[in-house]
There are 2 protein chains.
Amino acid sequence: MANSSVARVGRDAISETLGREIVDGAHRPGAVLTLESLQQRFGISRTVARDSVKVLESHGLLYSKRRIGLVVTAAEHWDVMSPAVIGWRLASADARGAFIELTQLRIAVETEAAALAAARRTEVQAHQMLDLAATMRRLGESEQLEEFIAADIAFHRLMLEAGGNSMFAALADVVAEVLTGRTKHGLMPTRPMPEALDAHDGVARAIAGKDPREARRCMEVLVDEVRSALEE
Amino acid sequence: MANSSVARVGRDAISETLGREIVDGAHRPGAVLTLESLQQRFGISRTVARDSVKVLESHGLLYSKRRIGLVVTAAEHWDVMSPAVIGWRLASADARGAFIELTQLRIAVETEAAALAAARRTEVQAHQMLDLAATMRRLGESEQLEEFIAADIAFHRLMLEAGGNSMFAALADVVAEVLTGRTKHGLMPTRPMPEALDAHDGVARAIAGKDPREARRCMEVLVDEVRSALEE
DNA sequence: ACAGAAACAAACATCACACCTTTCATGCTG
DNA sequence: CAGCATGAAAGGTGTGATGTTTGTTTCTGT
């Protein structure tokens with residue numbers, strides 16, 4: 001028992017490692033692994049190897065076939081929306097591509113989410129939105145970038161949740177990731193543009209005022225800026 | 001090999017059954033299962049029980065804790081975008097709620113997808129889009145509903161794929177589900193409205209003509225009809 | 001020589017059992 | 001009453017044996 005001479009890794013680390021490798025393209029679609037090879041490589045038992053494989057399998061990264069082994073699947077079969085796969089893609093060589101796709105998804109969803117939020121928000125949420133918009137303005141104008149981003153994230157999360165669509169709400173983490181990542185990918189000015197601040201204000205007001213059409217319009221302004229930054 | 005006296009089920013059927021039960025609310029969040037109970041109930045070995053649990057765990061439906069058991073998680077932690085969870089929700093008592101959320105997601109994504117497709121489509125895709133739009137008109141006007149829906153699905157799938165965003169493409173199955181389901185949920189006229197046919201035509205033409213703005217506008221017309229049907 | 005059937009073998013699937021590890025609950029002790 | 005020690009419950013991991021599927025090879029009959 002005890003251990004082994006081979007690289008020993010923590011429990012979930014194995015599906016994590018394999019997931020990243022597959023997403024990264026280290027194993028071509030159609031490539032075959034075996035449980036045995038995983039046991040060897042990571043110094044683990046069949047039980048653990050099977051557990052790890054199950055996770056990857058349930059995200060569509062591979063499937064296991066008798067007498068063949070573990071077959072790596074092509075990207076179009078992956079669960080690209082699941083947080084795990086998103087994480088792996090963002091850690092891959094094509095992080096930028098993943099980031100762009102996520103941004104496009106965010107753009108698509110947020111315009112609709114703004115309208116939904118305007119129709120469904122509670123009183124409390126309305127106040128929180130207005131507060132957050134004000135906070136963003138304050139922090140943005142005083143160039144406290146880090147705090148600004150935190151407020152920005154809170155703003156978008158709140159909006160996504162206020163719409164009452166759980167699938168939109170589930171994107172809050174993605175949006176957070178994108179908002180954080182913008183700085184790294186050079187898609188964000190060091191000082192938030194006044195138009196962006198105005199647009200956030202507008203969105204908050206429209207949502208508070210239960211005006212879906214206006215909320216959508218303001219969000220579209222916001223999103224247009226993001227879109228154009230994407231096309232540079 | 002033999003069998004057992006207890007309800008014996010196929011391999012994946014167990015995570016399938018449990019997934020549906022959890023999504024359906026048969027196990028409240030915080031409720032605790034044990035591997036032992038699953039073994040008893042399904043007449044399976046620990047290995048299989050663990051395998052099934054791993055699947056549910058990787059979709060966020062539960063987590064396992066030592067000395068406690070398998071704790072069912074609240075809906076906000078579910079991987080609500082993964083096909084598996086979507087399937088379970090659509091098979092649950094709240095299928096209608098899930099359907100509405102999916103429709104909202106579809107609405108959000110498709111407007112953006114239309115614009116993207118207009119920017120990125122290949123020549124072949126352009127022709128296919130125009131063809132499908134024409135086919136839809138023909139089938140729609142002759143009230144061949146089933147074939148019409150098939151063409152509709154193909155149209156939307158093609159558009160989602162043409163944009164080159166894999167996350168949008170992954171929604172093709174969802175959209176297919178929604179388009180098929182519309183009839184069941186009484187959100188669809190037995191005869192497609194002429195405006196809808198025109199809008200599809202418009203989208204196809206705009207995409208073929210590489211006009212993202214127009215593609216988005218036409219898609220918005222389409223989507224507006226869906227939205228209003230949703231609000232009835 | 002070729003087609004089809006039969007035997008073989010590889011790899012996953014499942015089972016049973018033993019032991020480890022974590023963590024909650026209990027109860028004892030100072 | 002606080003704190004610590006102890007026990008037990010439940011999952012986590014490891015092992016070896018056996019079942020099952022399926023691709024490959026070999027054999028046989030024509």
Q | Candidates B/Gln104, B/Arg182, B/Arg89 - the one meeting side chain to side chain contact (heavy atoms under 4.5 Å, CB included) with B/Phe99 | A | B/Arg182
Q.
Applying ring pair (Phe, Tyr, Trp, His ring centres under 6.0 Å), can you list everything that pairs with B/His59, at least two apart in sequence or on another chain?
A. A/His59
Roughly how many Å is it from [atom1] in [X] to [atom2] in [N], rounded to a whole number?
X: B/Leu33; N: D/dG11; atom1: CG; atom2: C1'; result: 13 Å
X: A/Ile44; N: D/dG12; atom1: CD1; atom2: P; result: 15 Å
X: B/Tyr63; N: C/dT23; atom1: OH; atom2: P; result: 12 Å
X: A/Gln40; N: C/dA11; atom1: CD; atom2: P; result: 13 Å
X: A/Leu62; N: C/dC12; atom1: CG; atom2: C1'; result: 13 Å
X: B/Lys65; N: D/dA10; atom1: NZ; atom2: P; result: 14 Å
X: B/Asp51; N: C/dA16; atom1: CG; atom2: P; result: 15 Å
X: B/Gln39; N: D/dG12; atom1: CD; atom2: P; result: 13 Å

(Q) Would you say B/Ser64 places a side-chain N or O within less than 4.0 Å of OP1 or OP2 belonging to D/dG12? (A) yes
Q. With nearest nucleotides of DNA chain C determined for A/Arg46 and A/Ile68 from heavy-atom distances, which residue corresponds to the more 5′ nucleotide?
A. A/Ile68
Side chain of [X], backbone of [Y]: donor and acceptor closer than 3.5 Å?
X: B/Arg121; Y: B/Ala208; answer: yes
X: A/Ser64; Y: A/Leu70; answer: no
X: B/Asp79; Y: B/Met81; answer: no

Q. Touch check for B/Thr34, heavy atoms < 4.0 angstrom, all strands: base, sugar-phosphate only, or nothing?
A. sugar-phosphate
**Q.** Side-chain-base donor-acceptor pair under 3.5 Å for B/Arg67 and D/dG12
**A.** no
Q. So which nucleotide from D/dT13, D/dT22, D/dG11 ends up closest to the side chain of A/Arg66?
A. D/dT22
Q | Side chain of A/Ser45 - closest among D/dG14, D/dG11, C/dC12 | A | D/dG14
